[in-house]
> 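Would you mind keeping the following structure in view while I ask a few things?
Keep in mind that this is a model prediction, so the values were computed, not measured. Labels below follow one simple rule: chain letters A, B, ... track the order of the sequence lines, proteins then strands, and each chain is numbered from 1.
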Amino acid sequence: MKKLINDPDRVLADALRGIEAAHADLRVDHENRIIYRAIPKDHGTVALVSGGGSGHEPLHGGFVGFGMLDAACAGEVFTSPTPDQMQEATKTVDRGAGVLHIVKNYTGDVMNFEMAAELAAMEASVEVRTVVVNDDVAVQDSLYTAGRRGVGLTVLLEKIVGAGAEQGRSLDEVVALAEKVNADGRSMGMALTSCTVPAAGKPTFDLPEDQMEIGIGIHGEPGRHRVQMGTASEIAQQLVEPILGDLDFGSSPTIVMLNGMGGTPLIELYLMYGDVAAILEKHGVTIARSLVGNYITSLDMAGCSVTVLRADDEIVSLWDAPVETSGLRWGR
Amino acid sequence: MSTTDTITIEGFTAWLAAFRDRVTEHRSYLTELDSAIGDADHGANMARGMAAVMEKVGASPATTADELFKTVGMTLVTSVGGASGPLYGTLFLRLGMTAGAVAECDAAALSSALRAGLDGVVARGKAEAGDKTMFDAMAPALDAMDAAIASGASLAEATAAARDAAAAGRDATEPLVARKGRASYLGERSAGHLDPGATSTALLFDALAEVTAS
């Protein structure tokens, strides 16, 4: 293992120190491992709390700030944060209008956020609602799985719902908006290499030079299929088709994200985006907005994911609304 | 069964220490199992969690089972994360609530407290037999323990039976296709690997058998 670390067991604590040093508009609670906005939002507006295992940066800490999240709880690498962290974050960011928990559909995340909501309900001080993001078409949603994973769509949802909350929408309206985004978006990812969890010290799985994993999540877990390596346009095809097969985008405009898994250079991500856009166009899908880069990663994994979200005028205008976070920043 | 055939607070504490030693010793092995079908963190998480538990328990020794296991459960819930934190945390919280404010448990009381812990795990994780989870080690362990108690076994014999059944249950997870947790995303590819949660649960019963062996 060759990594820029001091101690495999202190990666998260050290990274949080760096985040605090780099961003004056963020405040870090090191004991509870929570990243907050330095300037809280106005009283009477709904607050957004998300969180999850670390190793997906910029998600979630990089999306804390004006127009997106109010707080992000950081777990150990690839491990959900704990209920006490989430409860502390929830109490701190509440501005009297309720708090939305944005949870990616992974067993650990769901259980810990569930326990946090139970604790918050016991204290009866903050109204907490939850949206569980589950956009990954690689997983069959059936009784025989833990359900579809929450992956790339989480980024778009945090941006769009964050903009809605910033406008002063009620908790009910914010929840409805989050559910709409979750229902209207789909993702599919692939890996060229595994990733190395610092505490494990070696790659999570072996992937021969001539093979790739299709249908991966964001934790270095193997995908559903291991297939022969292909060209970028062949891979784009294998990512886009399951998405279009799962949700009919009709003639609706879309927002498309081509996301890097952390270890793939931007030149390849742009190359992939070109192929993805061409395939979507061939299928009659209009792209209103796009986002290309590393936004929800798996440490040093090479590979990418595609997210397509149906976007009417309201969604596009919320997407265009000002945002000021370390991960996304425009229009203010 | 004699009236002295019980596990005391000191015995419970020794059990937890023995479990800590086992997850620490097998940390890499548990993580290796988790790499195959999960996300390569089970060993690190359990070792970190049990180290935190023993630190807490050492700092403020409990005098009753409910007090002790509440500390254990809350420490796991707040220090482990992932799915293991809520699942093992709930197991110990329920175990303590059912054992109650007592300083020792006989085999039957211990078994019913463990059974309450299992019910808590099921309520939290919604797992059923054959889903390839910790349930598949723990449920057979408790069935074997109850059967042994019903036929007049001592505490040591009952926990030995539980240990053997947990190990057999763990081994039986190998061919299963996972239907819960992160391994379920692999579909058929999850078959052919031991479940990491069932493996750490077998260590829990191995530790219990060791400390209750006369």
> To the closest 0.5 Å, what do you measure between OG1 (T82(A)) and CG (L76(B))?
11.5 Å
> Identify the heavy atoms of M115(A) and P86(B) that sit nearest to each other, and give their distance.
SD-CB, 3.7 Å
> Just wondering, are more than 12 heavy atoms of other shown residues or ligands nearer than 6.0 Å to CD in Q228(A)?
yes
> Quick one: closest heavy-atom pair of A40(B) and A200(A), and the distance?
O-CB, 4.4 Å
> Looking only at heavy atoms and a cut-off of under 4.5 Å, which of R48(B), R124(B), K126(B) has the most pairs with chain A?
R124(B)
> Chain A: which of V80(B), V77(B), T31(B) shares the most heavy-atom pairs with it under 4.5 Å?
V77(B)
> Using non-hydrogen atoms and a 4.5 Å limit, figure out which bit of D9(A) sits close to chain B: side chain, backbone, both or neither.
side chain
> I need the minimum non-hydrogen distance between A83(B) and T107(A), along with the two atoms involved.
CB-CG2, 4.2 Å
> Rounded to the nearest 0.5 Å, how far does OG of S28(B) lie from NZ of K202(A)?
7.5 Å
> Given heavy-atom pairs under 4.5 angstrom as the criterion, report whether the side chain, backbone, both or neither of T90(B) touches chain A.
side chain
> Closest heavy-atom contact between R189(B) and H225(A)?
NH1-N, 3.7 Å
> Just checking D206(A): does its CG atom have more than 12 heavy atoms from other residues, nucleotides or ligands closer to it than 6.0 angstrom?
no
> Would you confirm whether N45(B), through its side chain, and T79(A), through its main-chain N or O, come within 3.5 Å as a donor-acceptor pair?
no
> For E174(B), I'd like to know if atom CD has over 12 heavy atoms of other residues, nucleotides or ligands within 6.0 Å.
yes
> Please check if the number of heavy atoms outside E55(B) that lie under 6.0 Å from its CD is greater than 12.
no
> Are M111(A) and L87(B) side-chain neighbours, meaning at least one heavy-atom pair lies under 4.5 Å?
yes
> Do you know which of P81(A), G75(A), P203(A), P83(A) has the most heavy-atom pairs with chain B at a distance under 4.5 angstrom?
P83(A)
